[in-house]
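Sequence lines set the chain letters: A, B, ... in the order given, protein chains first and strands last, and positions in each chain run from 1. Treat the numbers as computed from the prediction; the structure is a model and nothing was measured. Scope of the values below: all heavy atoms of this structure, side chains included, with no hydrogens, waters or symmetry mates.
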Amino acid sequence: MTTRTRFAPSPTGPLHMGGVRTALYAYLFAKQQQGKFILRIEDTDQNRYVPGAEEYIIEALTWCGIIPDEGVGFGGKHEPYRQSERKHKGFYMNYAQQLLNNGNAYYAFDRPEDIDIARKNAETDGVQGWQYDASTRMGMRNSLSLPEQEVRHLLDQGTQYVIRLKVNPGQTLTFTDMIRGEVSFDSSLVDDKVLIKADGMPTYHLAHIVDDIMMEITHAIRGEEWLPSAPAHILIYQYLGIPMPLYAHLPLLLKPEGNGKLSKRDGDRLGFPVFPLQWKDPVTGEISSGYREKGYYPESFVNMLAMLGWNPGTEQEVFTMEELINAFSFERVHKAGARFDPDKAKWYNEQRLRHSNDEELGLKFSMELKSILGEEDPRSSHDFATGAVKLLKERVQFENEFYETGKYLFEAPSTYDEKVIAKRWNEKSKTFFQALPDVLTKVEHFTAENCKAAFEQLATEQGMKPGDVLQLFRVIVSGQGSGVDLFGMVELLGRSEIISRIQKALTSI
RNA sequence: GGCCCGUUCGUCUAGGGGUCUAGGACAUCUCCCUUUCACGGAGGAAACACGGGUUCGAUUCCCGUACGGGCUACCA
């Protein structure tokens with residue numbers, strides 16, 4: 001049987017990184033098994049629908065390289081993949097009817113207010129967790145407690161109703177989780193979950209099962225927050241007489257500090273994004289940052305996410321998607337929640353940047369430079385940009401830091417590091433720099449090595465150690481006391497630029 | 001409150017009865033390299049939540065406690 005996994009978010013807003021990780025694991029597993037990965041949109045709650053969320057989800061997954069084989073936006077033999085559309089085809093009601101017919105579900109006419117009252121009454125009696133179940137259902141208005149005639153009448157009248165799962169108490173419900181092993185529950189503690197809501201929409205509980213069956217899902221992968229409702233899901237499969245797919249409940253992603261799971265609000269408050277892509281709230285206009293816009297490589301973002309709760313059992317940490325597909329296994333997913341570490345996230349990006357090809361980085365950087373400096377500026381050329389990349393590559397974690405970090409490569413300094421000037425600038429050094437342009441003019445091939453040799457020779461001739469003027473030279477060229485390799489920078493900037501910077505410094509210091 | 005899941009350095013984690021003097025990575029500290037800063041290299045500090053069992057022997061198995069997390073909607 002072909003492995004089929006799905007990722008089934010609800011379009012209530014941007015996908016957060018925890019959701020992306022769930023999608024990733026489902027994708028990795030499917031690909032490893034030469035199976036299919038499906039994107040299903042669970043939009044059964046029309047009140048929570050957020051415009052743009054669906055597009056966001058598709059764009060985010062695509063950016064990450066987690067490409068569905070079937071689903072909303074990708075087509076496939078089980079269309080439609082949007083639950084609101086599937087509802088109109090009667091898929092969910094079909095299954096609900098089957099449960100109704102077999103006596104495993106029933107109509108309930110209680111309004112939300114009635115349930116509130118029942119709950120409040122129970123609380124005043126000191127009962128903490130009231131629920132609609134075998135112990136309370138006969139005191140409510142439903143097709144189990146009401147005479148058949150009345151039920152008929154209510155239905156004929158068009159009275160609003162929900163369909164509830166009839167959970168029989170006193171049995172142990174067990175299933176084997178791919179990550180946690182055997183997990184069991186007492187059915188007495190499971191409530192009679194609503195299967196079909198008053199508006200005719202199915203709830204998650206019914207909908208995901210119907211769709212997983214119809215879409216031939218073999219492995220259901222979801223977050224740990226679903227574990228408590230697993231017994232109800234086991235029961236639905238039992239009542240339907242259909243074998244359950246294998247389930248995996250993933251550990252949650254926790255906040256970097258403090259308590260609780262990582263939530264949408266945490267991100268920008270703590271200085272890191274929680275979303276893969278930037279998101280603008282359609283109502284408030286509030287903008288939340290995204291990993292893409294921060295300059296992360298999608299591969300690094302995915303790599304980082306993969307390692308949060310899973311490890312290969314070797315010491316390898318940097319992976320490509322291909323390698324992840326090969327190495328992944330649910331047996332090696334950790335059971336406890338993982339606290340997200342923004343520093344480690346940056347490290348993954350840095351690693352990928354370090355191993356990137358200079359020419360390719362240079363090409364991208366030259367495009368950026370062209371938009372900053374102009375198409376014709378020689379410093380926007382591929383050659384110059386590649387030269388700059390070589391000098392800057394080990395000093396940044398993101399490509400988008402090249403320009404700011406190496407700004408002095410693109411414009412002559414207007415200020416000079418005061419500490420170095422105060423310490424080193426004197427008559428002797430001034431004389432040295434007055435003589436330096438002539439010496440540099442005579443250097444035949446203007447390379448780092450030749451310039452360095454000429455520089456040192458001049459220093460010796462003037463009776464000083466190169467170290468006495470080296471840092472000054474750096475400040476004269478770049479304005480800063482520290483930075484990229486000095487003579488590498490000299491070679492890149494070229495003879496006339498260097499000489500002009502020396503002359504500028506001589507008049508302004 | 002109830003139910004479920006969990007608990008190894010600050011963080012992500014390896015290890016699943018003796019090989020543990022508990023390993024790696026991020027972060028941190030020291031030193032080396034270097035014209036500076038980074039990079040890189042070397043090294044340091046840093047953890048088995050607690051209490052009972054089981055066992056010749058528990059970080060590893062069992063139970064309890066504590067702590068953390070999740071769920072407890074006609075939301076997913």
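- Straight-line distance between the C1' atoms of B/rC4 and B/rA42: roughly 48 Å, to the nearest whole Å.
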Protein-nucleotides 8-15 of chain B N/O pairs closer than 3.5 Å?
{"unit_1": "B/rC12", "atom_1": "OP1", "unit_2": "A/Arg339", "atom_2": "N", "d": "2.9"}
{"unit_1": "B/rC12", "atom_1": "O2'", "unit_2": "A/Met307", "atom_2": "O", "d": "3.2"}
{"unit_1": "B/rU13", "atom_1": "OP1", "unit_2": "A/Gly309", "atom_2": "N", "d": "2.7"}
{"unit_1": "B/rU13", "atom_1": "O3'", "unit_2": "A/Asn311", "atom_2": "ND2", "d": "2.9"}
{"unit_1": "B/rA14", "atom_1": "OP1", "unit_2": "A/Asn311", "atom_2": "ND2", "d": "2.7"}
{"unit_1": "B/rA14", "atom_1": "OP2", "unit_2": "A/His334", "atom_2": "NE2", "d": "3.3"}
{"unit_1": "B/rA14", "atom_1": "O3'", "unit_2": "A/Arg332", "atom_2": "NH2", "d": "3.3"}
{"unit_1": "B/rG15", "atom_1": "OP1", "unit_2": "A/Arg332", "atom_2": "NH1", "d": "3.3"}
{"unit_1": "B/rG15", "atom_1": "OP1", "unit_2": "A/Arg332", "atom_2": "NH2", "d": "3.1"}

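- A/Asp43 and A/Ser84 are linked by a side-chain donor-acceptor pair at a separation below 3.5 angstrom, with hydrogens and angles left out of the test.
- Of the candidates A/Tyr296, A/Phe301, A/Tyr291, A/Phe340, A/Phe272 forms a ring pair (Phe, Tyr, Trp, His ring centres under 6.0 Å) with just one, namely A/Phe340.
- When the side-chain nitrogen and oxygen atoms of A/Asn47 are compared with OP1 and OP2 of B/rC75, none of them lie within a distance under 4.0 Å.
- OP1 or OP2 of B/rU72 has not a single side-chain nitrogen or oxygen of A/Arg119 nearer than 4.0 Å.
- Between A/Ser300 and A/Asn303, the side chains place no donor N or O within less than 3.5 Å of an acceptor N or O (distance only, hydrogens not considered).
- Salt-bridge check for A/Asp110 with A/Arg141: failed, with every basic side-chain N at 4.0 Å or more from each acidic carboxylate O.
- Side-chain N/O atoms of A/Asp192 and A/Tyr106 include a donor and acceptor closer than 3.5 Å.
- Non-hydrogen atoms lying under 4.0 Å from RNA chain B are contributed by A/Gln128, A/Gly129, all within residues 123-145 of chain A.
- Within the structure, a side-chain polar atom (N or O) of A/Thr44 is placed less than 4.0 Å from OP1 or OP2 of B/rA76.
- Using a cut-off of 4.0 Å between Lys/Arg side-chain N and Asp/Glu carboxylate O, A/Lys335 and A/Glu224 are scored as not salt-bridged.
- Taking atom CZ of A/Phe319 as the reference point, atom C1' of B/rA25 lies 12 Å away to the nearest angstrom.
- For A/Gln83 and A/Pro228, each mapped to the nucleotide of RNA chain B holding its nearest heavy atom, the one lying further toward the 5' end belongs to A/Pro228.
- Pair assignment for B/rG1: B/rU72, on the basis of Watson-Crick or G-U wobble contacts that are both within less than 3.5 Å.
- Base contact: A/Val162 has a heavy atom under 4.0 Å from a base atom.
- With respect to the salt-bridge test (charged N to carboxylate O, under 4.0 angstrom), the residues A/Arg111 and A/Asp114 qualify.
- Closest to the side chain of A/Glu315, from the set B/rG70, B/rG23, B/rU35, is B/rG23.
- Here, B/rA66 and B/rU19 have their C1' atoms 33 Å apart, quoted to the whole Å.
- At a cut-off of 3.5 Å, with distance as the only test, no side-chain donor of A/Asn121 or A/Thr124 sits close to an acceptor on the other residue.
- Shown here for A/Pro282 and A/Pro51, the closest heavy-atom pair between the two residues is CG-O, 4.0 Å.
- A/Arg180 and A/His249 are not linked by any side-chain donor-acceptor pair at a separation below 3.5 angstrom, with hydrogens and angles left out of the test.
- Nucleic acid contact class of A/Val183 (heavy atoms, under 4.0 Å, all strands): sugar-phosphate only.
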Quiz prompt | Annotated protein contacts, base or backbone, on nucleotides 40-50 of chain B with a non-hydrogen cut-off under 4.0 Å, one of B, S, - each | solution = -----------
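- For B/rG57, there is no paired nucleotide, since no Watson-Crick or G-U wobble pair has both relevant distances below 3.5 Å.
- The side chain of A/Lys197 places an N or O atom within less than 4.0 Å of a non-bridging phosphate oxygen (OP1 or OP2) of B/rA76.
- Using a 4.0 Å heavy-atom cutoff across all strands shown, A/Leu227 reaches sugar-phosphate atoms only and no base atom.
- In terms of phosphate contacts, A/Arg164 brings a side-chain nitrogen or oxygen within less than 4.0 Å of OP1 or OP2 of B/rC74.
- Nearer the 5' end of RNA chain B, as judged by each residue's closest nucleotide, is the contact made by A/Phe487, out of A/Pro112 and A/Phe487.
- The only member of A/Lys346, A/Arg352, A/Arg354 that meets side chain to side chain donor-acceptor pair (under 3.5 Å) when paired with A/Glu350 is A/Arg354.
- B/rG10 is paired with B/rC26 under the criterion used here, namely a Watson-Crick or G-U wobble arrangement in which both key atom distances are under 3.5 Å.
- The C1' atoms of B/rU28 and B/rG6 are separated by 28 Å, rounded to the nearest whole Å.
- Within 4.0 Å of A/Asp186, counting heavy atoms only, lies no atom of the nucleic acid at all.
- Electrostatic pairing of A/Asp191 and A/Arg164 does not count as a salt bridge here, judged by no charged N lying under 4.0 Å from a carboxylate O.
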